[in-house]
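In listed order, ligands and their atoms are each counted from 1.
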Amino acid sequence: MQKTGLFISFEGIDGAGKSTHIDALAALFKQQGRTLVQTREPGGTPLAESLRELVLHQPMDALTEALLVFAARRDHLHTVIEPALARGDVVLCDRFTDATFAYQGAGRGFNADILEQLERWVQGRPEPGAPEAAVAMHPTALRQPDLTVLFEVPPAVAAERLAKAREADRFEALPIAFFERVAKGYADRAAAEPGRFVRVDGNQTKNQVWQQLTKTMFNRGWLAIMVAGSPR
Ligand code: TYD
């Protein structure tokens with residue numbers, strides 16, 4: 001089994017049903033002896049969690065929103081994700097940069113070239129030995145997840161699930177048309193990078209979703225055994 005660091009992100013529109021599966025996968029990786037970091041974006045560090053509060057609850061324009069999610073990502077990458085991957089841990093991250101392209105880009109209609117510029121600054125791999133403050137202006141490689149699991153559900157189904165679940169934040173309160181654009185944004189990214197993405201039909205039973213997820217991890221050599229059970 002692979003013992004090098006493993007970076008897996010989980011994406012989908014609000015209400016797509018990521019959370020229970022992330023928890024169950026985390027338990028499974030631990031059971032199989034992997035050291036695990038379970039984290040989320042925006043968030044995952046004290047600073048990034050403070051930025052999350054602002055992004056989810058304060059009114060702001062699209063550029064401010066994009067700058068804040070990337071600022072949170074920079075802190076998270078540097079202080080949590082990169083050190084964990086260097087140790088050989090498994091990092092399960094609830095959302096990463098695909099969310100920015102889907103929500104701020106496709107959803108809000110914010111300029112994708114600017115998002116790509118921010119992505120290069122934040123996720124560009126600096127030259128070995130470069131000072132901590134160095135930003136790779138023209139990086140040859142970007143830090144991206146090894147695998148991105150995209151949970152896809154029709155926006156109307158997701159909205160119905162959310163309405164039952166909790167009080168809406170700034171994004172959850174947006175109309176279905178917004179989530180149609182976000183879903184399309186995710187689908188376009190998945191189509192552009194089929195090797196990195198696995199698309200899961202989140203409108204099946206929990207057990208069917210779980211079977212697909214564990215099979216994906218097993219086929220890549222990341223889990224030693226397939227497990228029949230499904231999450232609670
Ligand atoms: P979410 O991940 O759904 O957490 P919870 O299950 O606790 O509600 O909420 C995060 C929200 O932030 C979600 O609506 C998507 C949004 N978001 C962005 O708009 N851009 C980003 O880059 C990220 C990471 C999240």
Side-chain angles (χ1 to χ4, degrees), residues 7-26 38-45 47-77 80-81 91-112 114-123 142-145 148-153 155 157-189 200 202 231:
F7 181 19
I8 305 175
S9 64
F10 299 84
E11 301 282 358
I13 60 172
D14 290 87
K18 307 172 264 114
S19 307
T20 42
H21 290 290
I22 300 174
D23 290 345
L25 264 185
Q38 191 179 344
T39 186
R40 68 175 181 180
E41 290 214 346
T45 70
L47 174 62
E49 288 291 332
S50 304
L51 295 175
R52 177 190 179 92
E53 269 306 299
L54 300 175
V55 170
L56 293 191
H57 301 292
Q58 297 294 322
M60 63 185 72
D61 78 347
L63 174 58
T64 309
E65 200 174 276
L67 291 170
L68 289 182
V69 293
F70 271 113
R73 182 160 303 130
R74 169 81 176 177
D75 189 52
H76 190 210
L77 257 182
V80 174
I81 297 177
V91 177
L92 301 186
C93 193
D94 188 344
R95 300 190 186 282
F96 194 62
T97 304
D98 297 302
T100 314
F101 283 90
Y103 279 77
Q104 281 66 50
R108 299 253 194 241
F110 188 71
N111 187 310
I114 296 178
L115 296 181
E116 279 172 16
Q117 182 66 59
L118 294 170
E119 181 185 38
R120 280 195 291 278
W121 288 348
V122 169
Q123 288 152 249
L142 299 184
R143 169 61 78 189
Q144 296 291 12
T148 297
V149 180
L150 175 58
F151 291 85
E152 295 185 293
V153 292
V157 173
E160 203 176 305
R161 287 183 188 166
L162 281 183
K164 288 186 201 143
R166 58 193 176 200
E167 206 173 305
D169 62 33
R170 269 181 76 233
F171 293 101
E172 291 163 358
L174 291 168
I176 283 196
F178 175 83
F179 290 101
E180 302 275 6
R181 294 194 296 276
V182 173
K184 169 85 169 50
Y186 274 131
D188 289 346
R189 283 183 75 77
V200 174

### Query
Less than 4.5 Å apart, any side-chain heavy atom of V153 and any of R161?
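Yes, at least one pair of side-chain atoms sits under 4.5 Å.
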### Message
If the condition is salt bridge (Lys or Arg N to Asp or Glu O under 4.0 Å), which residues does R108 pass it with, not counting sequence neighbours?
### Response
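E65.
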### Task
Please name all residues satisfying salt bridge (Lys or Arg N to Asp or Glu O under 4.0 Å) with R120, sequence neighbours left out, ordered by chain then number.
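By the salt bridge (Lys or Arg N to Asp or Glu O under 4.0 Å) rule, R120 matches no residue at all.
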Nearest protein heavy atom with distance in Å, relative to [atom]:
| atom | value |
| --- | --- |
| atom 19 (O) of ligand 1 | Q104 NE2, 2.9 Å |
| atom 12 (O) of ligand 1 | L56 CD2, 3.6 Å |
| atom 7 (O) of ligand 1 | R52 NH2, 3.2 Å |

### Task
Just jot down the ligand 1 atoms closer than 4.0 angstrom to any heavy atom of E172, in number order.
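Checking each atom against E172, I get 8 (O).
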### Query
Is there a heavy atom in E65 that sits closer than 4.0 Å to ligand 1?
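So E65 does not count as touching ligand 1.
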### Message
Tell me whether ligand 1 is touched by R170 - counting only heavy atoms on the residue side and a distance under 4.0 Å.
### Response
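Outside the 4.0 Å threshold, so no.
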### Task
Establish, yes or no, whether a centroid distance under 6.0 Å links the rings of F7 and F96.
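Yes, the ring centres sit under 6.0 Å apart.
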Please indicate whether any nitrogen or oxygen in [X] is less than 3.5 Å from any nitrogen or oxygen in ligand 1.
| X | result |
| --- | --- |
| R95 | yes |
| S19 | no |
| R73 | yes |

### Task
Walk me through it: do Q117 and F70 pass the test side chain to side chain contact (heavy atoms under 4.5 Å, CB included)?
CA-CA 11 Å; Q117 182 66 59; F70 271 113; over 6 Å; no
### Message
So for atom CD, which belongs to E160, do other residues, nucleotides or ligands contribute more than 12 heavy atoms lying within a distance under 6.0 Å?
### Response
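Atom CD in E160 is not packed in, count stays at 12 or less.
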